[in-house]
Number of protein chains: 2
Amino acid sequence: MKKATIYDVAREAGVSLATVSRVINGSSVVREKTKEKVMKVIDELNFKPNQIARGLATNKTTTIAVIFPQSLFAHVKDMIGGIGDAGRTLDYNITIYTTDDIGNGPMDDVMEKVIRTRADGVILFNNDKITQQIELVKKHSIPAVVIGMQVSDDSLGSVYVDAQKITYDIVNNYLEKGKNDIIFVSPQQNLIRTVDLIEGMKKAYQDHQLPFDEATQVIDTSTHYEESYTQFVEHFRNHKHDLVFASYDKEGVAVVNAAIDNNISVPDDMEVMAMMDTSYSLICRPSLSTIHLPIYDMGALAVRLLTKILNQEELETKEVCVGYTNIYRKSTIQ
Amino acid sequence: MKKATIYDVAREAGVSLATVSRVINGSSVVREKTKEKVMKVIDELNFKPNQIARGLATNKTTTIAVIFPQSLFAHVKDMIGGIGDAGRTLDYNITIYTTDDIGNGPMDDVMEKVIRTRADGVILFNNDKITQQIELVKKHSIPAVVIGMQVSDDSLGSVYVDAQKITYDIVNNYLEKGKNDIIFVSPQQNLIRTVDLIEGMKKAYQDHQLPFDEATQVIDTSTHYEESYTQFVEHFRNHKHDLVFASYDKEGVAVVNAAIDNNISVPDDMEVMAMMDTSYSLICRPSLSTIHLPIYDMGALAVRLLTKILNQEELETKEVCVGYTNIYRKSTIQ
DNA sequence: TTGAAAGCGCTAACAA
DNA sequence: TTGTTAGCGCTTTCAA
């Protein structure tokens, strides 16, 4: 049995196409009596408007494309809940596109697909290729919002956190206590811009007239627990710091475990602080002090912001900065 | 500047619509010379075929809807990588829909959206409402594959793991060693059917002519670490078992940590085994023995299977059973 | 308040 | 090998 179309409804209800269209789009001009009649037929025929046809007619798809590299997956997946829920509430379809790790001209290919599908807008995430991605959406003038970094551009929105402030405050706090052996560990790919995080540290050192040596105080690591753990076991064989700040809980746990295995007591001999407040930080023993970011909300906010841009709604700002909370648990002395 | 349409290309290239259409769809009948000419214009005008228009004409959207309850998010998110990558390789769009936790008539609403968007097919996950969901897709005759449970139905595909065998083998092994105080812990919502997991245990007990008491040997828990941890700290105050089998690593870690806090040594006093082989099992101390399931692959396989069904390709079976590996680490005596 | 009709951008017979 | 033409199912003027 074929799906009922608007024609079928019109015929059965004895009205024109236009009237049915008005009814399903909630136009106010249609008489109550007619409306009821049409609704009844819609129900009887189990008619569901074809969004594809509508899309063709209106040149809108009510679809938002979410683009992210697989390597950022750990961060993105936690946001998908918020993105999905907001999409549902606001009646937008969310379609996801992964880049890299597979295929060849990754970003171009993906953008090509997004353009073909005529998504109304896209959501991007801070990553090492973000500049190139932003170029692309601008070139094709696709409305977009990027999560994880502030971007000041008329055509783009952004949802971000004040990364510099996060590290500045923490580092400043330790320096004030005379604890100035602080290192920063992070994988290359990160939702929160590592340059900003590092910048915040630098500033704090500067304000205390202390030297900050990026070569030794910033350590790159892997996103795979086993690799980072192994790396840190080695590192802590002959290093010990006042504070290790990790940009993601998982790496924070690797630090803690590696330290413990080198008989460095956390937090007594060395303090550890991480970011994101995921389950990892709870599971860790001692439990990890961490920065809580409103991950779910950031996803939902990005969708909300994007739809506002799409609907040309008034908005005070296209750059929305979200708050965060320092959560002190057992890996720091508080 | 408006986007170029197939008309623009036809006009510029001095050919008809049909020819352009043939070129972009890779039809073999078009002369090489003409093809080149058309391609050139396509490039110049930066023409991107409108998939919406194509969808209307062909009655196909090349999109797959992935539907899952938020409560199953922890499992699903790990699969999204595989689903996304497979979608990209096979040139299908993946759109995600979350159910429950928000809104009212959850599943009906979602299905309504899926129908409106005319997704070619859907991917479902085992969860406590799966029967109802299967009913719905069948009622609307939407091609579907479900992940996490075997379903024998002509119109549906499934990608699953032999859950009964997993628990049977493990439990059987312990019973043979005379260790028969075994409990099973799991949250309500699970990707792998808990009834099957429990059934496997029962069978093993049966084969050993030993009683299995579901009331005491099966423990429900929360998906939130803090809650399950608290619950287990209480439980282990006056319980100790030969083996605790948890259906997900996170709950396994909660068991381990709660046991340790009650001075129960793992694995000497009590062994713990979990499922999924996520980072949690690595982070746990002692590291968790766990069942490795090919999560990424299951996602990719589901997409592959669904597209085969959509394209009416020949397939030996619609019920694909994937393998698994027992990974023994430090939470069990091996 | 309703209807007629054109058009959205493409595909797919069918004819040439 | 190419072109003509009729849809696909909806929205949206414009007129009534």
Side-chain angles (χ1 to χ4, degrees), chain A residues 1-39 41-42 45-63 91 93 112-113 115-120, chain B residues 1-39 41-42 45-63 91 93 112-113 115-120:
Chain A
M1 175 200 67
K2 267 187 96 274
K3 273 196 171 53
T5 71
I6 199 172
Y7 293 100
D8 302 325
V9 177
R11 182 171 17 81
E12 290 301 310
V15 298
S16 74
L17 288 193
T19 302
V20 179
S21 177
R22 289 188 188 102
V23 171
I24 60 183
N25 289 297
S27 160
S28 55
V29 299
V30 37
R31 195 194 298 156
E32 191 59 32
K33 198 84 176 271
T34 326
K35 188 171 166 185
E36 275 168 22
K37 191 171 54 179
V38 172
M39 292 287 243
V41 175
I42 287 181
L45 299 183
N46 198 19
F47 165 72
K48 314 279 182 198
N50 182 331
Q51 201 163 117
I52 299 299
R54 177 180 294 175
L56 185 57
T58 58
N59 199 27
K60 280 197 186 68
T61 53
T62 57
T63 295
D91 249 304
N93 304 302
E112 174 92 18
K113 273 189 110 173
I115 294 171
R116 283 167 181 257
T117 54
R118 300 294 193 269
D120 291 337
Chain B
M1 172 203 65
K2 265 188 97 271
K3 272 197 173 51
T5 71
I6 199 170
Y7 292 99
D8 302 323
V9 177
R11 183 171 15 79
E12 291 300 313
V15 297
S16 74
L17 285 195
T19 301
V20 179
S21 177
R22 287 187 190 105
V23 171
I24 60 183
N25 288 297
S27 161
S28 54
V29 299
V30 38
R31 197 194 300 158
E32 192 58 31
K33 198 84 176 271
T34 327
K35 189 172 165 185
E36 275 167 22
K37 190 171 58 181
V38 172
M39 292 288 243
V41 176
I42 286 181
L45 298 183
N46 199 17
F47 165 72
K48 313 280 183 197
N50 183 331
Q51 199 163 119
I52 299 299
R54 176 180 294 176
L56 186 56
T58 59
N59 197 28
K60 280 196 184 64
T61 52
T62 57
T63 105
D91 250 303
N93 304 302
E112 174 94 17
K113 274 190 110 174
I115 294 172
R116 281 168 182 259
T117 55
R118 301 296 194 267
D120 291 338

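Only heavy atoms go into these numbers, but all of them, side chains included; no hydrogens, no water, no symmetry mates.
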**Q** A:Lys48: what forms a salt bridge (charged side-chain N to carboxylate O under 4.0 Å, His left out) with it, not counting sequence neighbours?
**A** B:Glu112
**Q** To the nearest 10°, let me know how far the axis at one end of the helix from C:dT1-D:dA16 to C:dA16-D:dT1 is tilted from the axis at the other, five pairs an end.
**A** 30°
**Q** Can you list, by residue number, the residues of residues 23-35 of chain B that have a non-hydrogen atom closer than 4.0 angstrom to DNA chain C?
**A** B:Ile24, B:Asn25
**Q** Sort and list the pairs that fulfil salt bridge (Lys or Arg N to Asp or Glu O under 4.0 Å) and have at least one residue in residues 8-24 of chain A, not counting sequence neighbours.
**A** A:Asp8-A:Arg11
**Q** Is the phosphate of C:dG3 approached by A:Thr19 (side-chain N or O, under 4.0 Å from OP1 or OP2)?
**A**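 Checking A:Thr19 against C:dG3: at least one side-chain N or O falls below 4.0 Å of OP1 or OP2.
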**Q** Tabulate protein N/O versus nucleotide N/O from nucleotides 5-9 of chain C, keeping only pairs under 3.5 Å, one per line.
**A**
residue	atom	partner	partner atom	Å
C:dC8	O2	A:Ala57	N	3.3
C:dG9	N2	B:Ala53	O	3.3

**Q** With heavy atoms under 4.0 Å as the rule, sort B:Val15 into base, sugar-phosphate or nothing.
**A** sugar-phosphate
**Q** Give the table of side-chain donor-acceptor pairs shorter than 3.5 Å for residues 27-34 of chain A, with sequence neighbours excluded, one pair per line with atom names and distance.
**A**
residue	atom	partner	partner atom	Å
A:Ser27	OG	A:Val29	N	3.3

**Q** In chain order, what residues pass the salt bridge (charged side-chain N to carboxylate O under 4.0 Å, His left out) check against B:Lys113, with sequence neighbours excluded?
**A**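 So B:Lys113 forms a salt bridge (charged side-chain N to carboxylate O under 4.0 Å, His left out) with A:Asp91.
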**Q** If the condition is side chain to side chain contact (heavy atoms under 4.5 Å, CB included), which residues does B:Ala57 pass it with, not counting sequence neighbours?
**A** none
**Q** With sequence neighbours left out, what residues match A:Ser21 under side chain to side chain contact (heavy atoms under 4.5 Å, CB included)?
**A** A:Ile6, A:Asn25
**Q** Please identify each residue that fulfils side chain to side chain donor-acceptor pair (under 3.5 Å) with B:Asp120, with sequence neighbours left out.
**A**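 Applying side chain to side chain donor-acceptor pair (under 3.5 Å) to B:Asp120 gives B:Thr61.
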**Q** List for me each residue that meets side chain to side chain donor-acceptor pair (under 3.5 Å) alongside A:Thr117, sequence neighbours excluded, and say none if there are none.
**A** none
**Q** What are the 5'-most and 3'-most nucleotides of DNA chain D lying under 4.0 Å from any heavy atom of chain B?
**A**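 Terminal contacting nucleotides, 5' to 3': D:dT1 to D:dG9.
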